[in-house]
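Data first, discussion second: the structure below is written as structure tokens.
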Protein chains: 2
Amino acid sequence: MKPERNQCLVRKGNPGERFFVVCLLMLLNEKTAHGYELAENLSYFGFETDEINLSTIYRNLRKMEEDCLVTSFWQEGEQGPQKRVYEITDRGKKELEFWTEMLKKRKTRIEKLLARFDQQNTKHKGD
Amino acid sequence: MKPERNQCLVRKGNPGERFFVVCLLMLLNEKTAHGYELAENLSYFGFETDEINLSTIYRNLRKMEEDCLVTSFWQEGEQGPQKRVYEITDRGKKELEFWTEMLKKRKTRIEKLLARFDQQNTKHKGD
DNA sequence: GCAGCTATATACGTCATGCATATAGTCTGA
DNA sequence: TCAGACTATATGCATGACGTATATAGCTGC
């Protein structure tokens with residue numbers, strides 16, 4: 001028995017759906033930053049504070065480094081706990097361009113679906 | 001070693017990102033249909049023929065039935081192999097409404113990201 | 001009979017996620 | 001000074017979604 005069954009709606013899926021990875025790349029395209037900072041800045045794109053897990057963000061940043069989209073180094077001479085600072089690479093910039101093109105397509109798809117949904121509703125009203 | 005590493009770009013993620021599930025629900029909101037038919041009609045939303053796997057579609061349809069978003073029955077008196085025909089439920093219709101609202105938010109997020117990306121590029125040109 | 005198409009389904013391995021937990025430094029207040 | 005809250009990063013574990021391959025079954029054309 002799944003407890004959500006009665007309340008409502010939907011199996012969660014991936015709430016961020018990897019869109020947030022592009023957001024990270026976007027933020028890093030403006031300036032270097034560390035994980036915690038990036039997490040906070042995701043709110044700009046409309047993400048709720050706890051919508052994307054911190055561990056997910058850290059894990060994805062390390063993977064992006066594996067894939068040579070970013071490089072990282074420990075920030076020196078700073079107060080507080082150590083910060084791993086990330087910097088976007090040329091490869092990362094190309095990746096970002098690629099993703100923005102993908103997002104344009106995705107936007108088109110969403111618009112098509114929303115338009116069709118509106119059509120369905122206006123038809124129903126016409127009955 | 002991952003072979004794609006040199007060619008280019010990106011870890012795949014979920015190419016459809018569960019958006020296609022909403023598309024299925026949308027199509028079923030217009031009329032009953034079987035899986036294979038739905039797969040073909042996904043092209044309307046811009047999906048390439050093999051972008052979403054048939055097995056993924058069938059699996060998701062069964063899950064949607066589990067979640068009471070659709071019901072299914074075997075179509076009788078038809079030529080060819082048996083067809084499992086799906087019909088949307090009231091719960092499925094509510095679900096669809098919920099998802100269209102989510103998609104509006106998602107669209108906003110994408111637009112925000114694209115706008116910011118354009119800003120970055122125009123700034124670079126101004127240097 | 002056999003290849004190719006329609007149509008549905010499942011086993012298997014992989015990958016991404018959320019939750020819980022671990023760590024370590026800093027700062028505030030009792 | 002000692003506990004608790006906050007910053008900051010990281011990993012183990014269970015779950016869930018996916019693609020590939022494979023299985024099935026009926027129909028069509030050669």
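Atoms considered below: every heavy atom in the structure, side chains included; atoms not considered: hydrogens, waters and symmetry mates. By convention in this document, chain letters (A, B, ...) are assigned in the order of the sequence lines, proteins followed by strands, and residues within each chain are numbered from 1.
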A:R106 charged N/C atom sitting above A:F19 aromatic ring, 6.0 Å / 45°:
no
Output the rounded distance in Å from CD1 (A:I57) to C1' (D:dT11).
16 Å
Looking at A:E87 and A:F73, would you say the former's side chain and the latter's main chain have a donor-acceptor pair under 3.5 Å?
no
Comparing B:T56 with A:W74, nearest DNA chain D nucleotide closer to 5' gives the residue A:W74
Assign each of B:E40 and B:Y86 the nucleotide of DNA chain C bearing its closest heavy atom; nearer the 5' end lies the nucleotide of B:E40
Tell me if the side-chain of A:S55 makes a donor-acceptor pair with the base of C:dC19, cut-off 3.5 Å, by modelled atom types.
yes
Tell me: CE of B:M64 to P of D:dG16, nearest whole Å?
18 Å
For the residue pair A:R59 and A:N53, confirm or rule out a side-chain donor-acceptor distance under 3.5 Å.
no
So, taking the atom named CE in B:M64 and the one named OG in B:S72, what distance separates them when rounded to the nearest 0.5 Å?
11.5 Å
Classify the side chain of B:R18 versus the base of D:dG16 as yes if they form a donor-acceptor pair under 3.5 Å and no if they do not.
no
Side chain of B:L54 (C-beta onward), nearest among D:dA10, D:dG26, C:dT8:
C:dT8
Spacing between A:Q75 atom CD and C:dA24 atom C1', to the nearest angstrom:
17 Å
Tell me which nucleotide among D:dC18, C:dA7, D:dT9 gets nearest to the side chain of B:N60.
D:dC18
The residue, A:Q82 or A:D50, whose nearest nucleotide of DNA chain C is more 5′ is A:D50
Minimum-distance nucleotide to B:P81 side chain [options: C:dT6, C:dA9, D:dA10]:
C:dT6
Can you identify which nucleotide, out of D:dA17, D:dC13, D:dA8, has its nearest atom closest to the A:R59 side chain?
D:dC13
Whole-Å gap separating P (C:dT26) and NZ (A:K83)
12 Å
Nearest-Å distance for atom pair CG/P, residues B:N53 and D:dT22:
14 Å
Ionic contact status for A:K83 with A:E37, cut-off 4.0 Å
no
Using the side-chain heavy atoms of A:Y58, tell me which of these nucleotides is nearest: D:dT9, C:dT17, C:dA7.
D:dT9
Separation of D:dA17 P from B:F20 CZ (nearest whole Å):
10 Å
Rounded to the Å, how far apart are A:K63 NZ and C:dT14 C1'?
12 Å
How close or far is atom P of D:dA25 from atom CZ of B:R84, stated in whole angstroms?
16 Å
